[in-house]
Number of protein chains: 2
Amino acid sequence: MEQLWASPAALTVREVHEQLAGTRELAYTTVMTVLDRLAKKKLTERERDGKAWRYRAAAPREELAADLMRDALDRAGDRREALVRFVGQVSDEEAALLREALSKLDDQEQTG
Amino acid sequence: MEQLWASPAALTVREVHEQLAGTRELAYTTVMTVLDRLAKKKLTERERDGKAWRYRAAAPREELAADLMRDALDRAGDRREALVRFVGQVSDEEAALLREALSKLDDQEQTG
DNA sequence: TAGCATCTACTACGACACGTCGTAGATGGC
DNA sequence: GCCATCTACGACGTGTCGTAGTAGATGCTA
């Protein structure tokens, strides 16, 4: 159900439901429950819009992924070893992206 | 239950159970079930040793962590963005380890 | 060879997460 | 005041996890 994340703006249950209607047949309440549970897990935020709630992703997909990567790393024991293995698994392209991200980090530290 | 991974060599259910007895009171069969389920998930391998099975971690903890990091990255959508956020979350020390791992990767590529 | 200890296979059960949905009640426009 | 809309809450099936028990196979030992 996390593909709701593809949507950029804050959406109401109705909107999400209609948007999903093309792909899958889901009851309105199903969408509601999911959105509600995600909100309870702080994965979405919601704000009133008249009678209805309007839901927005609390963090972009990429932030979630980064969190998960962190969690995995934290349960690693030897983090150096884990990181070595990780970069060993990664594609060349991803390694390049990683390097890029690291130098971006350098820039920030120098500037900020 | 994954702390069984601390053990280096292939252990029998009895051995794991006894080793755990100091810390926690677990039924023999509990240990057995866990080991068995881990084997079904390919997280342990096992080989016969007389009547008993001898279990060994299929991969070190660090490999598991690296796998999880990969999985997280794969579900990210924009991997560049995810990696940027990841290195942004990481401690200075970990960033250094990452850089180290990446240059180790370079060496390998040049040599191998 | 019979018996006892040891080990495995299989089943079970409570707790929890998830995807799915329904019912009941609140809310608000006409 | 009525009807459509929306939420809150509960529920059910399935799957995983931690825990454990029972039944049956296996093998040592007297």
Side-chain angles (χ1 to χ4, degrees), chain A residues 1-7 9-59 61 64-65 67-72 74-77, chain B residues 1-7 9-59 61 64-65 67-68 71-72 74-77:
Chain A
M1 287 310 297
E2 309 265 349
Q3 67 243 41
L4 315 183
W5 267 225
S7 318
L11 296 177
T12 179
V13 174
R14 172 112 294 151
E15 286 161 355
V16 174
H17 182 230
E18 276 166 8
Q19 189 171 310
L20 248 43
T23 330
R24 14 193 336 189
E25 296 248 347
L26 285 180
Y28 179 90
T29 49
T30 301
V31 176
M32 228 189 57
T33 304
V34 171
L35 252 15
D36 197 47
R37 297 216 270 231
L38 289 173
K40 280 194 181 117
K41 283 193 299 180
K42 312 280 186 190
L43 292 177
T44 59
E45 297 162 353
R46 57 184 210 172
E47 66 201 32
R48 273 286 173 196
D49 179 9
K51 194 162 42 158
W53 289 105
R54 199 163 271 284
Y55 292 82
R56 178 174 6 89
R61 228 181 166 63
L64 256 299
D67 287 351
L68 288 177
M69 289 173 72
R70 252 238 72 82
D71 289 351
D74 285 340
R75 278 190 261 92
Chain B
M1 288 309 296
E2 309 265 348
Q3 68 244 40
L4 316 182
W5 267 222
S7 319
L11 296 177
T12 179
V13 174
R14 171 114 291 150
E15 286 162 355
V16 174
H17 183 230
E18 275 165 8
Q19 187 172 312
L20 250 40
T23 330
R24 17 196 331 191
E25 296 248 346
L26 285 179
Y28 178 91
T29 49
T30 301
V31 176
M32 227 189 59
T33 303
V34 170
L35 251 18
D36 197 48
R37 298 218 268 232
L38 289 173
K40 280 193 180 118
K41 284 194 297 182
K42 311 282 187 190
L43 292 177
T44 59
E45 296 162 355
R46 58 183 210 172
E47 65 201 33
R48 273 286 173 195
D49 180 8
K51 191 163 41 160
W53 290 104
R54 200 163 271 284
Y55 290 82
R56 178 175 6 90
R61 226 181 168 62
L64 257 298
D67 287 350
L68 288 178
D71 289 350
D74 285 341
R75 276 190 262 94

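A, B, ... follow the sequence lines: proteins, then strands. Residue 1 opens every chain.
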Atom NE2 of B:His17 and atom P of D:dT19 are separated, to the nearest Å, by 11 Å

Roughly how many Å is it from CH2 in B:Trp53 to P in D:dG27, rounded to a whole number? 13 Å

If the cut-off is 4.0 Å, is B:Tyr28 near the phosphate of C:dT8, judged by side-chain N/O to OP1 or OP2? yes

Min side-chain heavy-atom separation A:Leu35-A:Arg46 under 4.5 Å: no

Between A:Arg24 and C:dT20, does any side-chain N or O lie under 4.0 Å from OP1 or OP2? yes

Shortest non-hydrogen contact from A:Val31 toward A:Val16: CG1-CG1, 3.7 Å

So, OP1 or OP2 of D:dT16: does either fall under 4.0 Å of a side-chain N or O from B:Lys41? no

Would you kindly give the CD-to-C1' distance between B:Glu47 and C:dC7, to the nearest whole Å? 16 Å

When we call it a touch if two heavy atoms are under 4.0 Å apart, what does A:Val13 touch: a base, just sugar-phosphate, or nothing? sugar-phosphate

Please determine if A:Glu45 and A:Arg56 form a salt bridge, counting it only when a charged side-chain N lies under 4.0 Å from a carboxylate O. yes

Distance, rounded to the nearest Å, where B:Leu35 contributes CG and C:dT8 contributes P: 9 Å

Reading DNA chain D from 5' onward, which residue's closest nucleotide shows up sooner: A:Tyr55 or A:Arg37? A:Tyr55

Residue pairs passing the side-chain hydrogen bond (donor to acceptor under 3.5 Å, both in side chains) test where at least one lies in residues 26-35 of chain A, sequence neighbours excluded: none

Below 4.5 Å, heavy atoms only, C-beta onward: do B:Leu64 and B:Leu43 meet side chain to side chain? yes

Is there side-chain contact between A:Trp53 and A:Val13, with heavy atoms separated by less than 4.5 Å? no

Tell me, yes or no, whether the heavy-atom count around B:Glu25 atom CD, taken from other residues, nucleotides or ligands under 6.0 Å, exceeds 12. no

Once each nucleotide of nucleotides 21-26 of chain C is scored for protein heavy atoms under 4.0 Å, what B/S/- sequence comes out, 5' to 3'? BBB---

Using atom CG of B:Leu38 as one end and atom C1' of C:dT8 as the other, report the distance to the nearest whole Å. 16 Å

Atom pair distance, as rounded to whole Å: CZ in B:Arg54 and P in C:dT8: 11 Å

Atom-to-atom span, CZ of A:Arg48 to P of D:dT5 - whole angstrom: 17 Å

Should A:Arg46 be listed as having a side-chain N or O under 4.0 Å from OP1 or OP2 of D:dA8? yes

Does C:dC7 have OP1 or OP2 under 4.0 Å away from a side-chain N or O of B:Arg14? yes

